[in-house]
Structures are given as structure tokens and as C-alpha cells.
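Worksheet: one structure, shown below.
Labels below follow one simple rule: chain letters A, B, ... track the order of the sequence lines, proteins then strands, and each chain is numbered from 1.
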Amino acid sequence: MSGFSAPHCGSLRGSDEGREVELYGWVARRRDHGGLIFIDLRDRWGAVQVVFNPAQSPKAHEKASDLRSEYVVRVGGKVARRRAGAENPRMATGEVEVVASDLEVISVARTPPFAIEDEVEADEALRLKYRYLDIRRPKMAQTLELRHRVVQAIHRYMDGHEFMEVETPMLLKGTPEGSRDFIVPSRLHPGEFFALPQSPQQLKQLLMVAGIGRYYQIARCLRDEDLRADRVVEITQLDVEMSFCTEEDVFTLIEGLWATVWKDVLGIEIPTPFPRIDVQESLLRYGTDKPDMRYELEIADVSDILRQTRASVLRGALETGGVVRCLAVPGGRDMSRRELDELALLAKGAGAKGLAWFPGPLDRHLSEGEMSTIKSAAGAGAEDLILLVADRRRKAETVMGLLRREIARRRKLIRQGEWKFLWVYPMYLFQEDDLGNLTYGHHPFTSPWPEDMDLLTERPYDVRARAYDCVLNGVEVSGGSIRIHDRELQERVFEILGMDRERIRAQFGHLLDAFEYGVPPHGGIAAGIDRLMMAITGTENVRDVVAFPKTQSHQDLMLGAPSPVDPQQLEELHIRVVPPQKPS
RNA sequence: GGUCCCGUGGUGUAGCCUGGCCAAACACGCGGCCCUGUCAAGGCCGAGAACGCCGGUUCGAAUCCGGUCGGGACCGCCA
């Protein structure tokens, strides 16, 4: 018995009328009329109605009464047009049905822990535990197929532009830079470890030195960091590197790539080139470096208006070097106190000291003049409510960005169906970390802005970077930079980052050495396929676009990973486990 | 590292704030019977949870408190 070449359940159409077929699939639903029995038979391609009629085949009909959900069956029968009035326009196969003459139960099934239907909202942990059932849901299967088609379109496009896919190793050298590495013990080198790739960054730069010129790879990258709704441990990225290029070449390539993917896969024309915004302006106006342009809602800085204000909470923040930012909520005067409290909770959750608004509690602290100046700065209309946050600049931006997104969601301001691409460019080379230390903005291989070279030592924070992010509907779908290709400049940047000679040599010696053997100028970009798929499918949950995702605490609920290993295995790897001390 | 939300039959929810009327309600699903044109089929009947776990408060806890486990959202982090 081979059903491999059998017609797909979901592919039958009116034109198949009269065909004798054998179908293989899962019982999606059974409607037993005592006399007639209908089942919907499902496979990856969809579902078709099968009729068991005792008048036509009493044996098949008798067997069919034992069918239950998710049984795997083989049905022999004839494709027939449905009788007039019995067509189902809601099914792609709704014009036809298969009149069964033969039925074989290949495999029975327990009642699944949740219904295999798109609408049923099962608990996510349960879905993850039984992912193989979850993927049977048409929506999940379709998402995976869409992802496949996107990736195929990417391969075609990159190949068409003479990019060569080169595989890079999974077992790399660990670096304390960037995100936390996943490490793999070496059996043959006691006490030494490989690191799994956070990205093939250095390897693709070395491929440029190797003369490959145009490299790409659909690469898996692993970062041992805390998860979020839009982050998974194991990400897939389109990794690209090219020689003798400028930013403009990268922009053109990627704009063309997305335009092709959208056209080939979604049948949608997207306009190119994409608009650009520099990161500083983005943070000011949208409170984020990945603004969603499907709605307006601009943030305004009203610090200067309020320097002398009687409102002490606002003035206090300004006097300690902070800022006051505000946002007009369209028609927001109708918001309930409860709703505003929820927003305040959100702001506090993000680390804000509080949330102020008017009309409201702020009324008696602000002068008429202040209120009207703020309103015009925020572009507020008569029915609008003004939200204000006073804090350190970065905190205020984070909080306002969060509020902007929340307001857009709550007030349904997001224009669904729009594809708002943009480049955030340029960015800054360095940023300040939590402890006030200087660290890189993108990664340490990013080229400084040529005109800002003089500032490197004196005012590093003002140095722009030849780095860019491509943002789609508020999702950072790709980011990259033109790299440093000069050994001395690269060493200088490492030093500014606080690395001593010894460490530079140990960690990046191979790259610096390579730069002495004829290095082309180069640059590139990496596009997160997971986030891209989020934007395409309109989900806010990455796990929706990954076949077998892990939970927030890095667990695979289906496999039960991670799990302890055999002591013998540990011994072979020269590893001893020290359990965490329980504070008692 | 931190803040917050959630955890009740197979599934989704109600009940929890204002403890006793709750061995817990509803829908779907599940099992049986009836039914020849349904497609979320329909009708009738039925089974199924001591309320994540541990401890505390109380005459009495699904309900209050503490802890713990699991899931999620966010801040930090993620070059």
C-alpha cells in the first residue's frame, strides 16, 4: 500500500468529477445521520467531505460508524459533484464530495487534548506539549508553509543576484561580547568549550577576505538570553555579506529582496525605496528604534515649556537633567479612570516613576498657558487627552514608546493590511550600558561614520555608525552595517571599548591577521526570519511562526528538554555539576 | 536580576474581590441511543474536576495569607 502519490484531500475540485480516487488523511469531523455518514477528511492541503451511503456500499458505511476524530484512514471512492443546494462555499473543495465505496482504518486515535481547529484557543503550554497536534491545525500548517515559501523566494533572489550560500560551523569560539553563549564541552580537550553561533559574523567577514564577494546563508543562531514575546532562543536569520559595497548597495539589495518576496509570495507590490529616519529622531518621535508607521501618534518633547512649571513632579525631573515627553491620545477625553490607571501601571512596570495626564489630576498644577502650549506641541485636538512622562531621557523614551503602542492598540489606530518598511539610519557607534560604561551600539566591527572619525577619542558617543536597521510595521526585521576593514582602526575601536592588547589578540587575532592579507571593504546585513514571519502573519507571538519553539524559560515541553544526562557522559566530558545553593 | 498577570472536568470559561447556599455552573468535546443530505448537523440520555502543589489563618477555604511549581507579559538583558 502506498498512498504517497494519492490525490490530496484538500486539492479536489469540480474538475475532478467522476475520478476514482484513494484518499489518505485524518478524520476532522464526523456527522452521523444514522443512515448517511459524512466525514471531513483532512490532510496538509485541506479537507474534503466523504459520504458513506448504505445504499451504495453497506460495508463501508458500517465501518464508518466506528470512525472518530483524528483516525487515520484510507478511503476509496468516486469524486462526485454535490447535489444542488448542498454545496459548501466555505470549503475550497465544497463543490464536490467523495462517495465512499471502501474504507480502511489505518490508525486509531485517542481524543486529542484540544480540538484540531483554528478557532479553538487552547492553552499555549498544552499546544507546545502536543505540538504535533497543534501543527495539524490548518492555520499552523499554513503558517509553516508560508514560511517555507518565503525562504524559497529568498534563496531564488539571492541566487539570482550571484550570492553564494556557504555553510559556517556550528561549533565556534566563545566570546564574552554580545549575548551569552551556549557552550558545548569538548571531549578531547578537557576543560575547553565550543560556543554555538550567536551569528556567523566573523566568519562571513572572513569569507569576504577569502574573496567570496557575495555570501548569504539561512543560518541558525543561538543566544542564551531571556525571552520575550518576539524572541526565541534559536533564531533563523538570512545572513548576508558583500564586498566593495556601500550602504546604498545593501539598501537596494534588501529593498529588492522584500519587494520580490512580497510579490512572489503574497502577490503584493510594495513601493521602494523605503523611507529613512535617523535613530535619534526615531527615539524622540516614536519612543523606539523600531517605529510602527501604520499609525500617526507622535511623541513631543515639552521639556523647555515646563522648566518653570509649578508642577513639581515634572519640574523635579527636569532639574535633575531629565526630560518631559508627551503624547496626545486622539479622542482620549473619554478614557475612564480605570483605563488610565492601567496605562499608569504599564508605565510603572516599565520603570517610570508615574504617569501624568490632563485633563485630570494635573489640571491644578499646570497653568492655562502651559497646557495650551503643550497641546499645540503635541498636536492635540479638543477631544484629546495628553499623557506626560518625566524621567531620564532613555527611560522616558522607552515608556512613551510603550504607551504609544498600547494606545494604538487600544484605540484601534493601527491600519491593518499596510506594510510600512523603513530604514533606521544612521545609528550611533557607541552607547552607554547600565553601569555607565561605553559599549558598542551594533557590534564592534561596525565602521564609524567617516566625517566623525575625529570624535572617536574625545566624544565617542557622538560618533555615528554606518549601521542600519530595516523595520517593518514596528518589527526590526533586519540590521547590519558597513564593517571596519582596516586593522588599525579595528584595534582602535576595540581599545575604545576598553579591551587590552592581550584580549584583543586572543579573541580577534584571527580577524585582525586576516585584514593583513588583502581585505576588501565590505558590509552586510542579517534578517531575522522569525520576526519577518511575525510581521507577515500579523502575530505578536513568535512561537506562532516556529514549528517547535521553547518556552520563556527555554524548555521544550514536548521533548522535555533540557534534562539531566548520564553521569558517565559527564565524566567523558570532564564535567562536574555543582547544584545551585538554596538560600535557606 | 526585577515587576506584573494567570493556573477550576479532556478543552475554554464562570465562581474567588464580599469564606459557609459549591464534591462546584455553562459551552464545547467525550460515551450511548435515535435519525438518509449534513457540513459548528440535530434530538434524547449519560459519564467526567474535591478547584496546580505544599503549608497557614478559620468552626469552615476553589475563595484569605505565605511558599513552591508551571505558563505568559514587560523592564534589565538580547553586539
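- Residue contacts shown for A:Arg83 include a base, since a base heavy atom lies under 4.0 Å away.
- Between the C1' atoms of B:G19 and B:C59, the separation comes to 12 Å (whole Å).
- Closest of all the heavy-atom pairs between A:Leu497 and A:Pro444 is CD1-CB, 3.7 Å.
- Rounded to the nearest Å, the gap between the P atom of B:C26 and that of B:G48 is 15 Å.
- Contact between the side-chain N/O atoms of A:Ser69 and the OP1/OP2 oxygens of B:C30 is found at a separation under 4.0 Å.
- The base of B:C78 sits within donor-acceptor range of the side chain of A:Arg231, with an N or O pair under 3.5 Å.
- Here the P atom of nucleotide B:C75 and the CG atom of A:Leu402 are 6 Å apart, to the nearest Å.
- Distance CD (A:Gln552) to P (B:U3): 15 Å, rounded to an integer number of Å.
- Within a 6.0 Å sphere centred on CH2 of A:Trp26, heavy atoms belonging to other residues, nucleotides or ligands number 12 at most.
- Close to B:G70, at under 4.0 Å from its OP1 or OP2, lies no side-chain N or O of A:Ser553.
- Taking the P atoms as reference points, B:A23 lies 29 Å from B:G29, given to the whole Å.
- Taking a pair to require two hydrogen-bonding distances under 3.5 Å in either a Watson-Crick or a G-U wobble arrangement, B:C78 remains unpaired.
- Taking side-chain N and O atoms only, A:Arg228 has no distance below 4.0 Å to OP1 or OP2 of B:C77.
- Both A:Gln201 and A:Asn541 lie near RNA chain B, and the one whose nearest nucleotide falls closer to the 5' end is A:Asn541.
- Distance A:Leu126 CG to B:U8 C1': 15 Å, rounded to the nearest Å.
- Between A:Asp391 and A:Ala352 the shortest heavy-atom distance is OD2-CA, 3.7 Å.
- Atom CZ of A:Arg411 has more than 12 heavy atoms from other residues, nucleotides or ligands within 6.0 Å.
- Across B:C22 and B:U8, the matching C1' atoms stand 12 Å from one another, rounded to whole Å.
- Between the P atom of B:G71 and the CG atom of A:Leu227 lies a distance of 11 Å, rounded to the nearest Å.
- Residue A:Thr111 has no polar side-chain atom (N or O) positioned under 4.0 Å from OP1 or OP2 of B:G29.
- The phosphate of B:U38 has neither OP1 nor OP2 within less than 4.0 Å of any side-chain N or O from A:Arg31.
- B:C16 and B:A62 have their P atoms separated by 14 Å, given to the nearest Å.
- With its ring centre under 5.5 Å from that of the base six-membered ring and a plane angle below 30°, A:His33 counts as stacked on B:A41.
- Using a 4.0 Å heavy-atom criterion, one finds that A:Arg90 contacts the sugar-phosphate atoms exclusively.
- If you take atom C1' in B:C30 and the same atom in B:U57, they sit 40 Å apart, rounded to whole Å.
- Comparing the same atom, P, in B:G31 and in B:G70 gives a spacing of 34 Å after rounding to whole Å.
- In this structure, the ring of A:Trp449 has its center less than 6.0 angstrom from the ring center of A:Tyr425.
- A:Phe508 has its ring centre less than 6.0 Å from the ring centre of A:Phe494.
- Between A:Lys290 and A:Asp469, no side-chain nitrogen of the basic residue sits less than 4.0 Å from a carboxylate oxygen of the acidic one, so the salt-bridge criterion is not met.
- Heavy atoms of A:Gly94 sit nowhere under 4.0 angstrom from any nucleic acid atom.
- A:Phe38 places its CZ atom 15 Å from the C1' atom of B:A40, with the value rounded to the nearest Å.
- Note on A:Gln49: every side-chain N or O is 4.0 Å or more away from OP1 and OP2 of B:U38.
- Among the atoms of the strands shown, none is found under 4.0 Å from any heavy atom of A:Glu406.
- Base pairing of B:C30 is made with B:G46, judged by Watson-Crick or G-U wobble geometry with both donor-acceptor distances under 3.5 Å.
- One finds no side-chain N or O of A:Arg68 lying less than 4.0 angstrom from the OP1 or OP2 phosphate oxygen of B:C30.
- Applying the 4.0 Å criterion to OP1 and OP2 of B:A73, one finds that A:Arg543 has a side-chain N or O inside that range.
- The C1' atoms of B:G72 and B:G32 are separated by 40 Å, rounded to the nearest whole Å.
- Heavy atoms of A:Gln555 sit under 4.0 angstrom from primed sugar atoms or phosphate atoms, though from no base atom.
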